Asks: 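Supplied in structure tokens, the structure appears directly below.
Every number for a ligand or one of its atoms is a count from 1 in the order of the listing. We use all heavy atoms of the structure for the numbers below, so side chains are in, but hydrogens, waters and symmetry mates are not. It should be emphasised that the depicted structure is a prediction, and the values quoted were computed from it without experimental measurement.
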Amino acid sequence: MLKTNRLLAAGAAFVAASVMGFAASAQTKWDMPTPYGDTNFHTVNIAKFAEDVAASTDGALTIQIHSAGSLLKHPEIKNGVRKGVVPIGEVLISRLSNEDPVFALDSVPFLATSYDASMKLYQASKPVLEKKLEEQGLKLLFAVPWPPQGIYTKEAVDSIDDLKGMRFRAYNASTERIAQLAGAVPTQVEVPDLPTAFSTGRVQAMITSPSTGANSKAWDYLGYYYDAQAWLPKNMVIVNKAAFEALPDAVQTAVLEAAAKAETSGWEASKNETAEKTQMLVDNGIEVSAPSKDLQDGFKAIGKTMVSEWQEQAGDDGKAIIEAFSK
Ligand code: PCA
């Protein structure tokens with residue numbers, strides 16, 4: 001009797017699981033490396049995405065986040081996902097700009113400087129972006145922008161000339177190029193290493209968001225933030241296509257639905273973040289202001305050079321994207 005009941009119960013559970021499409025036997029756990037710290041809004045958004053996936057698949061797929069480069073360092077994450085070392089990961093899209101100009105697009109200064117323009121640029125570039133990833137066996141799940149980028153310095157600066165000779169922290173090829181064009185000396189530093197790099201004098205200035213400035217306590221080693229609103233670089237969450245396609249159909253659908261939600265909530269969080277973290281910089285003693293006209297004009301001249309350089313590199317794909325963006 002007992003045995004029959006148990007069998008019946010097991011049968012009912014099996015039917016329930018089948019109706020929902022998640023066979024109880026197929027439980028998958030994914031490790032997910034991300035480059036930024038736990039308190040960063042991107043990481044918080046990804047944690048919510050992971051929760052959503054676990055809940056909507058009834059635990060058939062769980063995603064364990066390894067933040068701040070703790071599992072794979074930022075420069076290793078894309079290839080890690082491509083090679084299947086990990087099934088899923090987050091990267092700054094423009095970290096890949098040496099592979100193809102489409103990855104550099106959202107970091108070309110002054111091309112798209114608002115959330116609306118950034119969304120338009122994202123939509124215009126998405127087909128090419130997806131195609132380039134697909135060629136590497138990767139699938140784009142979602143992308144979320146950082147707040148607009150501004151200039152952090154130790155001492156007050158009034159013009160681009162004031163940056164000459166400074167050791168300038170870079171986070172991608174575009175920030176390196178800006179430093180070069182400004183006559184500064186670029187050095188790549190990942191976000192988790194910022195406090196040490198600044199306090200040991202390895203770098204003296206940087207361009208990044210109020211978010212990263214606040215997350216890494218810029219007030220401990222920097223004095224000024226110039227809100228230049230130069231561009232909004234995006235992070236993307238990518239998945240290994242083979243790993244994704246190995247999931248049961250219903251789990252794939254649940255992942256895509258959670259990804260769409262995460263993209264919407266991520267853009268919202270980024271907008272809120274801009275004002276919140278700029279205020280946090282002020283509250284902690286950073287001198288926050290708009291750049292002087294001289295500084296902004298100099299920065300925009302650098303942007304103009306970089307737009308032409310990008311267009312030259314990006315050829316026909318680039319032309320089509322810019323046309324779609326300008327419509
Ligand atoms: N923070 C990241 C990328 C852009 C941003 O706002 C960084 O500083 O590396």
Side-chain angles (χ1 to χ4, degrees), residues 33-46 67-70 72-78 89-98 103-115 118 121-122 143-153 167-179 184 186-198 202-222 225-237 266-267 269-278 280-281 286 288 299:
T34 75
Y36 307 99
D38 283 332
T39 57
N40 179 255
F41 77 97
H42 287 285
T43 319
V44 171
N45 191 50
I46 288 171
S67 62
S70 58
L72 292 180
K73 299 263 171 237
H74 197 178
E76 297 157 2
I77 294 178
K78 194 274 295 180
E90 180 199 29
V91 287
L92 182 75
I93 297 180
S94 51
R95 283 301 298 231
L96 314 185
S97 53
N98 59 336
F103 297 121
L105 180 65
D106 67 12
S107 297
V108 177
F110 301 107
L111 191 58
T113 60
S114 67
Y115 281 94
S118 293
L121 192 67
Y122 175 40
V144 172
W146 289 89
Q149 306 287 294
I151 306 171
Y152 289 83
T153 55
R167 291 187 294 280
F168 209 90
R169 180 261 172 165
Y171 63 73
N172 61 9
S174 309
T175 44
E176 233 176 87
R177 183 71 183 133
I178 291 168
T187 303
Q188 291 273 346
V189 180
E190 291 297 334
V191 170
D193 304 325
L194 281 176
T196 309
F198 273 101
R202 200 147 82 83
V203 289
Q204 304 164 295
M206 67 176 169
I207 295 178
T208 187
S209 56
S211 224
T212 292
N215 288 165
S216 40
K217 298 194 166 42
W219 45 85
D220 285 346
Y221 42 84
L222 286 162
Y225 177 64
Y226 300 100
D227 185 12
Q229 308 194 3
W231 69 91
L232 289 75
K234 294 186 295 295
N235 288 355
M236 63 179 169
V237 170
W267 282 71
S270 181
K271 286 176 201 170
N272 297 335
E273 182 83 2
T274 307
E276 195 182 292
K277 292 301 191 290
T278 304
M280 193 182 274
L281 295 175
I286 297 261
V288 175
F299 198 3

Asks: Can Thr212 and Tyr171 be counted as having a side-chain donor-acceptor contact under 3.5 angstrom?
Replies: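 Their side chains do not contain a donor-acceptor pair, so the 3.5 Å distance test is not met.
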Asks: When you measure from atom 6 (O) of ligand 1 to every protein heavy atom, which one gives the shortest distance, and what is it?
Replies: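 For atom 6 (O) of ligand 1, the nearest protein heavy atom is Ser209 OG, 2.6 Å.
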Asks: Please tell me whether Tyr36 and Trp146 form a close aromatic pair, meaning their ring centres lie under 6.0 Å apart.
Replies: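 Under 6.0 Å, so yes.
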Asks: Taking distance alone, with no angle check, do Tyr36 and ligand 1 share an N/O pair under 3.5 Å?
Replies: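 Not met; the criterion fails.
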Asks: Are Lys234 and ligand 1 in contact, using a heavy-atom cut-off of under 4.0 Å?
Replies: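 In this structure, Lys234 fails to qualify as a contact of ligand 1 - no heavy atom is under 4.0 Å.
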Asks: Does any N or O atom in Thr208 lie less than 3.5 angstrom from one in ligand 1, N or O only?
Replies: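 Yes, since at least one N or O of Thr208 sits under 3.5 Å from an N or O of ligand 1.
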Asks: Would you mind running through ligand 1 and noting each atom that sits below 4.0 Å from a heavy atom of Val191?
Replies: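 The atoms of ligand 1 under 4.0 Å from a heavy atom of Val191 are 7 (C), 8 (O), 9 (O).
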Asks: Just go through Glu190, Met206, Arg169 and tell me whose heavy atom is the nearest to atom 9 (O) of ligand 1.
Replies: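 Result: the heavy atom closest to atom 9 (O) of ligand 1 is in Arg169.
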Asks: Check ligand 1 against Gln149 and write out every atom of the ligand that is under 4.0 Å from a heavy-atom position of the residue.
Replies: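 With Gln149 as reference, the close atoms of ligand 1 come out as 4 (C), 5 (C), 6 (O).
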Asks: To which protein heavy atom is atom 1 (N) of ligand 1 closest, and what is the distance rounded to 0.1 Å?
Replies: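 Answer, as residue, atom name and distance: Thr212 OG1, 2.7 Å.
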Asks: State whether a side-chain donor-acceptor pair under 3.5 Å links Ser94 with Ser107.
Replies: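 There is such a pair between these side chains.
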Asks: Are Thr208 and Tyr152 linked by a side-chain donor-acceptor pair shorter than 3.5 Å?
Replies: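 No, because no side-chain N or O of Thr208 sits under 3.5 Å from a partner of the opposite role on Tyr152.
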Asks: Please give me the minimum heavy-atom distance between Pro192 and Ala68, naming the atom from each residue.
Replies: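 Looking at all heavy atoms of both residues, the shortest contact is CG-O, 4.0 Å.
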Asks: Heavy-atom contact check, 4.0 Å cutoff: does Pro233 meet ligand 1?
Replies: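 Judged by the 4.0 Å heavy-atom criterion, Pro233 does count as contacting ligand 1.
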Asks: Considering both backbone and side-chain atoms of Trp146, is one of its nitrogen or oxygen atoms within less than 3.5 Å of a nitrogen or oxygen in ligand 1?
Replies: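 Between Trp146 and ligand 1 (N or O atoms, distance only) the closest approach is not under 3.5 Å.
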Asks: Tell me whether the count of non-hydrogen atoms from other residues, nucleotides or ligands lying under 6.0 Å of NZ in Lys271 goes above 12.
Replies: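 Enclosed: over 12 neighbouring heavy atoms sit under 6.0 Å from NZ of Lys271.
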Asks: So, does Gln204 use its side chain to make a donor-acceptor pair with the main chain of Arg167 at under 3.5 Å?
Replies: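 A pair under 3.5 Å: yes.
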